Amino acid sequence: MAGYTIRSIFDLAVEALSAEYQSDEAISAVRILLEHHLQAERYAELLRPQAPVARPDADALLLSLRRLCAHEPLQYVLGCAHFMGMELEVDARALIPRPETEELVLWAQQSAHGLPCSSLLDVGTGSGCIAVALARLLPGMEVHALDVSPSALALAERNARRCDVAVQLHHHDILAAEPFAAGPFGMLVSNPPYVLERERALMRPNVLLHEPAVALFVPDADPLLFYRAIAHRARSGLLVGGGAMLFEINEAQGQAVCDLLRGCGFVRVELRRDLFGKERMVRCFAPPAWA
Ligand code: GLN
């Protein structure tokens, strides 16, 4: 049997994916797979349609294709995702970094000027994307990150090393009764789980079947579970007076999160929309001294 050419494998792959994906999505995913497995140029199927594809490359590409057909996210299949200009390693141990979270990182960067102390803690770091990005953007900052999942921490450690930054990683459950051993910090940042169980029905299979549920979901009965826990710990000594706290939030919980923070005594509480126009981030500050 004649081997594959770039064009023949492109056509076959697009055809296979179009059962599960829209045609523009299928075409762009296949172009990315060709780049990844063959080191081909983007549009190689047009530039060099008849170029032969070596058997091992074709096999690897077809394996990736099977993973995509099973709705595994493209970033997991490739093993990497782009975030804040960095290429991070990603797999099923942690959520894929989202573009909204880049906006949170930029806001945290802007908030770092004039803090009472140059240290920050990322609560629920997952892949480490927030902590690693802030360590790169804020060279004088001592960066810590915690996560409940040891396997996510192992991934975050690889990402810190890969991006050549120092992040001190801690295994800790922010919902646990025992206090977190390090700190206090000048800034707390968190993108905690905030998707309600009842929102599962609205989610795509690539997220639902493959991304870690522990990083996504909160009980319907307690949407602010993590915000309350973090705010209480911030108040009881994790955040210094005058320190900043930034959260990514569920778009439906903006006012509720702001009310919670004001109720806990935080000041200058501010809600921001993301690039999709959704209320997605909140920043607040600890007062200089708690009342
Ligand atoms: N934005 C993510 C999503 O919609 C959720 C992130 C989170 O729960 N912190 O899939």
Side-chain angles (χ1 to χ4, degrees), residues 21 25 71-77 81-84 88 90-108 120-134 145-149 151-153 155-156 159 172-175 187-231 233-234 245-258 260-261 271-284:
Y21 297 85
E25 242 184 329
H71 291 283
E72 202 172 329
L74 182 58
Q75 293 92 330
Y76 285 168
V77 172
H82 294 271
F83 186 79
M84 296 298 297
L88 298 178
V90 291
D91 58 37
R93 289 177 286 183
L95 285 191
I96 296 163
R98 311 283 203 266
E100 307 86 287
T101 308
E102 295 185 315
E103 297 183 82
L104 182 73
V105 165
L106 290 171
W107 203 11
L120 72 82
L121 173 67
D122 173 18
V123 178
T125 196
S127 67
C129 61
I130 295 175
V132 170
L134 286 173
L146 67 80
D147 206 283
V148 67
S149 156
S151 61
L153 286 170
L155 181 63
N159 281 323
H172 183 76
D173 179 0
I174 199 67
L175 302 179
M187 185 191 290
L188 301 181
V189 188
S190 184
N191 174 17
Y194 61 66
V195 180
L196 298 179
E197 290 286 349
R198 66 162 184 267
E199 292 174 323
R200 271 178 188 271
L202 309 171
M203 295 170 77
R204 289 167 53 119
N206 55 350
V207 178
L208 272 184
L209 296 175
H210 297 282
E211 295 198 85
V214 66
L216 286 168
F217 295 107
V218 277
D220 291 345
D222 195 1
L224 305 188
L225 176 64
F226 286 92
Y227 303 98
R228 192 178 326 103
I230 296 168
R233 280 154 187 72
M245 185 158 78
L246 292 99
F247 290 117
E248 187 173 315
I249 61 163
N250 184 316
E251 67 197 81
Q253 303 293 334
Q255 274 319 316
V257 173
C258 291
L260 169 84
L261 296 171
L271 183 58
R272 262 202 198 175
R273 289 177 193 274
D274 66 15
L275 71 176
F276 306 111
K278 300 190 167 158
E279 290 182 341
R280 183 64 71 201
M281 293 155 272
V282 172
R283 180 178 71 175
C284 64

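In this chain, numbering begins with 1 at the start of the sequence shown. Order of appearance sets the numbers: ligands from 1, and atoms from 1 within every ligand. Just so we're clear, the structure is a prediction, and the values are computed from it rather than from any experiment.
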Taking the six-membered ring for Trp, is the centroid-to-centroid distance between F226 and Y194 below 6.0 Å? no
Separation between CZ (F247) and CD1 (I230), nearest 0.5 Å, reads 4.5 Å
Test salt bridge (Lys or Arg N to Asp or Glu O under 4.0 Å) applied to R233 - qualifying residues, sequence neighbours left out: none
Residues in salt bridge (Lys or Arg N to Asp or Glu O under 4.0 Å) contact with R204, at least two apart in sequence or another chain: E25
Below 3.5 Å only, please: the N or O atoms of ligand 1 paired with protein N or O atoms, distance on each line.
from: ligand 1; atom 1: 1 (N); to: Y194; atom 2: OH; distance (Å): 3.0
from: ligand 1; atom 1: 8 (O); to: Y194; atom 2: N; distance (Å): 3.2
from: ligand 1; atom 1: 8 (O); to: L216; atom 2: O; distance (Å): 3.4
from: ligand 1; atom 1: 9 (N); to: N191; atom 2: OD1; distance (Å): 2.7
from: ligand 1; atom 1: 9 (N); to: P192; atom 2: O; distance (Å): 2.6
from: ligand 1; atom 1: 10 (O); to: R98; atom 2: NH2; distance (Å): 2.8

Aromatic centroids of Y21 and H71 separated by under 6.0 Å: yes
Output all residues satisfying salt bridge (Lys or Arg N to Asp or Glu O under 4.0 Å) with E102, sequence neighbours left out; order by chain, then residue number. none
